[in-house]
Amino acid sequence: MSKAYIPLKELEIYQLSRQLSKIAWSIYERLEWQDKKIMGDQFIESVDSVGANIAEGYTRYHYLDKVKFYYYSRGSLAESCHHWLELLLERGKISSELYSSIKAIHKPLEIKLNNTITVTKNSQQGLNNNDRS
């Protein structure tokens, strides 16, 4: 029995990452030049890196490659939402409403990304155990 291939655009973690990027871009566009230079560029790069690494990991063949890119994605998610987003709020560059809208996507994305990592690792372990039978 073969597993059905799910296109990248239909993956919920990828869709969430794109929603996150859309909101982050709306924040970035409104920043003044100096704020973009100091923290905005790093914020948008780390947010966009979440989806980019999901896409790259999803298209890799070997599970270790997949997991490596999912870990990168998780790191970028932490950088953007635990560090840069907090600084943007603390420095009065975004409203609490925008902050909350990103956090509402961040938490489920983080959970689903952790689950994807676990499932990817476990599915390979299951294959290895079947090889021994």
Side-chain angles (χ1 to χ4, degrees):
M1 176 185 279
S2 68
K3 294 180 182 177
Y5 175 77
I6 301 170
L8 176 66
K9 288 183 176 186
E10 292 180 21
L11 288 180
E12 192 172 1
I13 58 170
Y14 185 71
Q15 292 171 353
L16 289 170
S17 73
R18 293 296 301 265
Q19 289 174 14
L20 192 68
S21 287
K22 186 176 183 176
I23 297 169
W25 185 254
S26 73
I27 292 169
Y28 180 80
E29 283 185 312
R30 293 184 216 150
L31 294 174
E32 295 180 18
W33 180 85
Q34 187 175 11
D35 294 329
K36 284 180 179 178
K37 180 180 165 236
I38 292 169
M39 61 188 152
D41 290 346
Q42 293 184 73
F43 170 66
I44 197 67
E45 286 176 16
S46 62
V47 169
D48 286 347
S49 181
V50 175
N53 281 304
I54 289 169
E56 188 157 2
Y58 190 66
T59 59
R60 294 295 176 129
Y61 177 76
H62 195 272
Y63 85 100
L64 288 175
D65 280 340
K66 289 179 177 294
V67 169
K68 175 178 67 175
F69 283 99
Y70 297 153
Y71 280 139
Y72 293 158
S73 182
R74 189 171 69 182
S76 293
L77 184 63
E79 178 186 354
S80 61
C81 292
H82 290 302
H83 181 71
W84 294 117
L85 186 66
E86 298 289 333
L87 284 178
L88 286 165
L89 180 66
E90 182 181 302
R91 294 176 182 175
K93 303 301 176 182
I94 60 170
S95 67
S96 57
E97 291 80 18
L98 271 175
Y99 174 86
S100 296
S101 66
I102 285 192
K103 283 298 193 175
I105 296 170
H106 164 259
K107 192 59 182 173
L109 178 54
E110 183 177 50
I111 291 168
K112 289 178 185 306
L113 195 49
N114 284 333
N115 290 342
T116 299
I117 291 167
T118 301
V119 166
T120 303
K121 289 165 80 175
N122 289 343
S123 66
Q124 180 57 36
Q125 290 172 350
L127 289 174
N128 288 340
N129 291 337
N130 289 339
D131 290 344
R132 294 182 194 138
S133 310

Where the side chain of Lys36 meets the backbone of Asp41, is there a donor-acceptor pair that is under 3.5 Å apart? no
Just by distance, with hydrogens left out, do Tyr72 and Glu56 show a side-chain donor and acceptor under 3.5 Å apart? no
Run the numbers on Leu16 and His106 for side chain to side chain contact (heavy atoms under 4.5 Å, CB included), then give the verdict. CA-CA 8 Å; Leu16 289 170; His106 164 259; over 6 Å; no
For Tyr14, all residues meeting ring-ring contact (aromatic ring centres under 6.0 Å, His included), sequence neighbours excluded: none
Main chain of Leu98, side chain of Ser101: is a donor-acceptor contact present, judged purely on distance under 3.5 Å? yes
Residue pair Cys81 / Ile105, side-chain heavy-atom distance below 4.5 Å: no
Between Ile54, Asn53, Val47, which is the residue that forms a side-chain contact (heavy atoms from CB on, under 4.5 Å) with Val50? Ile54
Kindly indicate, with the supporting measurements, whether the criterion salt bridge (charged side-chain N to carboxylate O under 4.0 Å, His left out) is fulfilled by Glu12 and Lys112. CA-CA 8 Å; Glu12 192 172 1; Lys112 289 178 185 306; 3.5 Å; yes
Name all residues meeting the salt bridge (charged side-chain N to carboxylate O under 4.0 Å, His left out) criterion together with Lys93; count only those two or more places apart in sequence or in a different chain, and write none if there are none. Asp35
Is the backbone N or O of Phe69 less than 3.5 Å from a side-chain atom of Ser73, with the two atoms forming a donor-acceptor pair by type? no
Polar side-chain atom of Gln15 near backbone of Lys9 as donor-acceptor pair, under 3.5 Å: yes
Between Glu79 and Arg74, is a salt bridge (charged side-chain N to carboxylate O under 4.0 Å, His left out) present by the stated rule, with each step listed? CA-CA 9 Å; Glu79 178 186 354; Arg74 189 171 69 182; over 6 Å; no
Heavy-atom nearest pair, Tyr70 first then Ile117, reads CB-CG1, 3.5 Å
Contact summary for Tyr63 and Lys121, nearest pair of heavy atoms: CD1-CA, 4.3 Å
Report yes if some heavy atom in the side chain of Met39 is under 4.5 Å from a heavy atom in the side chain of Arg91; otherwise report no. yes
Residue Lys37 excluded, over 12 heavy atoms near NZ under 6.0 Å: no
